[in-house]
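Okay, so here's the structure we're looking at.
Heavy-atom basis, side chains included; hydrogens, waters and symmetry copies ignored. To find a chain, count down the sequence lines: A is the first, B the second, and so on, and within it residues start at 1. What you are looking at is a predicted structure, and each value in this text was computed from that prediction instead of being measured.
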Protein chains: 2
Amino acid sequence: MADITIKDVAARAGVSAATASRVLSGNPATSPQARENVAAAVIELDYRPNAQARALRSTHSDSIGLLVPDVRNPFFADLAHTVEQEALSAGYVTLLGNANEQKEQQDRYLDTLISRRVDGIIVAPLGDGSGSIHSLIERQIPTVFVDRAVDGIDVPSVTTDSEVGIRQTVEHLASLGHTRIGYISGPQATSTGRDRFAAFTSTVAAAGLSQDPDLVYFGDFQAASGSAGLHALLGLNDPPTALLAADSLMAVGAIAILHKLGLRIGTDLALVAFDDIEWFALLNPALSVISHSVEDMGRIAVDLLLEVVAGKTPQSVVLPSELVIRASSSLPILPASSRRKN
Amino acid sequence: MADITIKDVAARAGVSAATASRVLSGNPATSPQARENVAAAVIELDYRPNAQARALRSTHSDSIGLLVPDVRNPFFADLAHTVEQEALSAGYVTLLGNANEQKEQQDRYLDTLISRRVDGIIVAPLGDGSGSIHSLIERQIPTVFVDRAVDGIDVPSVTTDSEVGIRQTVEHLASLGHTRIGYISGPQATSTGRDRFAAFTSTVAAAGLSQDPDLVYFGDFQAASGSAGLHALLGLNDPPTALLAADSLMAVGAIAILHKLGLRIGTDLALVAFDDIEWFALLNPALSVISHSVEDMGRIAVDLLLEVVAGKTPQSVVLPSELVIRASSSLPILPASSRRKN
DNA sequence: CGATTCCATGGAATCGATTCCACGACCACA
DNA sequence: TGTGGTCGTGGAATCGATTCCATGGAATCG
């Protein structure tokens, strides 16, 4: 790798490295002659500045880190896409990391991002504020939480008000005659897992529906736990007639098992999923979902981060959620006798 | 940001920066006493080495770049996931970039990755070998192509032999009685777009089926073009009775339109998609697909890249593809009279 | 016991770009 | 003609970590 440095450019342009640097950074204290020569030399040599050296001296790297819990979750893939595009248009490169819903990997990635001196970090955090999240705050690295937050850590965030969508869902299902609604919950180590679970229990209570604790299965936001949850719920003596899954991947896992068992969504079991994934509408019957805007979330997260980088302390933003009713939850409940048994 | 440097660590440990550096890098020429003191100081100060400075001096950054055409494509999301995990276990961080199927963004990202001096780049390229792809080769930056390749650029690659899967598909559809198979092609600016199209035309000819050029629609691997393609094909005077989509996103776009038109997959139109996406099996009817292993592809790509980084010149790898028959393409063709018209 | 090897260690150079500081050239005004 | 100001420029210091090289003390051998 015969690297071309600014000295090569300077030599070719017949100026010093200092002047070449000034031209490159648009410093006005340069002569037209020097500008012209340097510009020509840059093109002739196909010069690319060494970002490492530049960042070392100038304390900023024009890059941000984005840490998501799972790139394979379409919600986070979309989020990564919008964040990346938004950041790019603001002149930042996005380094994407994948925590795999594991605190250990999250910490490992955060350490890496810290040591690479990114200008800021957007993270959908998991766990409490211990470990690397704590270092982040202590070092005052500009940070924004997205989708999730961490109790006791005072950092601007963009989250979804899950409560509205979940209340609409529970009331909707109740109006169809359902009294036993199953819930596949996210992990309680995440704020979304906790918030959605709390919203579910309180709205179920408010609607006077069954609060049987067996109706709740605790998953981990990944597909396999949705499958396990469905098995557990259908195995109950008195199984639920409707099901709410706290994220799309667990819904996918549940649907896979329903298919395998030959049960029909919407008929044998009403189903609603949190997160609106494009192809959920293509299922037959189409899936009812609790929708929230991933585009808004990604865009606002970048905006907030840029404000923090600029030294401001912006307010956190809470986005709305709403129920989108489709065929998977539109039929009134069938009498128990006509339902198939597990 | 009160950054803690190796000098602070050295001072606290009562040794020089040189010795501290040696301890950190595991250099055996250090006394147990020094090792102990430095280790203690590192923990007390929560020291993180500055990756920039380290990379500047030592010419490697322990990071690789991965450039995919579209993170929202589940195939590439899965690929990103496997590459990232495989690279992490080899001690590398993955910087993910998203080209949005646009050459301009691809070049922009490649420039960024080059200037950040990543140790190597895995890219699913688009376009010809001009622009930044060319710089990559000229600067001898370790590079591996994944999924796609570029004609005339001699770089190790991991690709799929699309031909087998497509031939199986065409023969399968022919055996069900289909003679007019529609094809929604990928862009001819990509090697996969070209290869699959070539495989389709040659196997259709070999099977003695219709070679009507109107049966081919050229999309761009994104969902909207799948929708447009379906519209175009159904609008023909003599529309196809079966359809092959060259990637999953275009298949999704097509399915969305079929839903809207009230047409049934597998009955009104046989459908097969390239790329096996988990939830394609959950559609009703389940979607037939041409399957190839994204895990193998990601793993091998990283292996190849590490070999290139180590100075070797590994052979390119071609992975197999195969047809997986599901309900969307299992019924014999209906007589034309009983088919609904667009 | 003197000479040689070994080894931990610190000083200093280095990576590439940026930026402070000082210098010289030039113009303008008194 | 002399003084003050502006402006383009180059030399040198700097960022933080690594590594070459020299040094001095301890260990080993004849």
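For CG of B:Asp154, the number of neighbouring non-hydrogen atoms (other residues, nucleotides, ligands) closer than 6.0 Å is 12 at most. A:Glu104 CD: 12 or fewer foreign heavy atoms inside a 6.0 Å radius.
A donor-acceptor contact closer than 3.5 angstrom is absent between the side chains of A:Asp70 and B:His81. A donor-acceptor contact closer than 3.5 angstrom links the side chains of B:Ser130 and B:Asp128.
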Please evaluate residues A:Asp107 and A:Lys103 with respect to the criterion salt bridge (Lys or Arg N to Asp or Glu O under 4.0 Å), reporting the C-alpha separation (whole Å), side-chain torsions for both, the decisive distance (0.1 Å), and the verdict.
CA-CA 6 Å; A:Asp107 278 2; A:Lys103 186 154 190 304; 3.7 Å; yes
Applying salt bridge (Lys or Arg N to Asp or Glu O under 4.0 Å) to B:Arg148 and B:Glu101, what does each step give before you reach the verdict?
CA-CA 12 Å; B:Arg148 308 171 176 180; B:Glu101 295 283 6; 3.1 Å; yes
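Separating the CZ atom of B:Arg48 from the P atom of D:dG16 is a distance of 17 Å, rounded to the nearest angstrom. Across the protein-nucleic acid pair, B:Leu24 atom CG and D:dT19 atom C1' stand 14 Å apart, rounded to whole Å. A straight line from CD1 of B:Ile6 to P of D:dC15 spans 15 Å, rounded to a whole angstrom. Between B:Leu56 atom CG and C:dC15 atom P the separation is 9 Å, expressed in whole Å. Between the C1' atom of D:dC15 and the CG atom of B:Asp8 lies a distance of 13 Å, rounded to the nearest Å. Computed from coordinates, the A:Asn50 CG to C:dA17 C1' distance equals 8 Å when rounded to whole Å. A:Gln52 has its CD atom 13 Å from the P atom of C:dT18, to the nearest Å. Protein atom NZ of A:Lys7 is 13 Å distant from nucleotide atom P of C:dT18, rounded to whole Å.
Of the side-chain N and O atoms in B:Tyr47, none sit less than 4.0 angstrom from OP1 or OP2 of D:dG16. Applying the 4.0 Å criterion to OP1 and OP2 of D:dT18, one finds that B:Ser21 has a side-chain N or O inside that range.
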Produce a footprint string for nucleotides 7-14 of chain D: one letter per nucleotide, 5' end first; B if the base is under 4.0 Å from any protein heavy atom, S if only the sugar-phosphate is, - if neither.
-SBBB--B
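The side chain to side chain contact (heavy atoms under 4.5 Å, CB included) with B:Ile64 is formed by just one residue from the set B:Val144, B:Val118, B:Ile122; it is B:Ile122.
Sequence neighbours left out, the pairs with a member in residues 297-310 of chain B that pass salt bridge (Lys or Arg N to Asp or Glu O under 4.0 Å) are B:Asp296-B:Arg299.
Contact check on B:Asp62 versus B:Arg54 returns no salt bridge, with no Lys/Arg side-chain nitrogen under 4.0 Å from an Asp/Glu carboxylate oxygen.
Note on the helix from C:dC1-D:dG30 to C:dA30-D:dT1: angle between the axes of the first and last five pairs equals 50°, rounded to 10 degrees.
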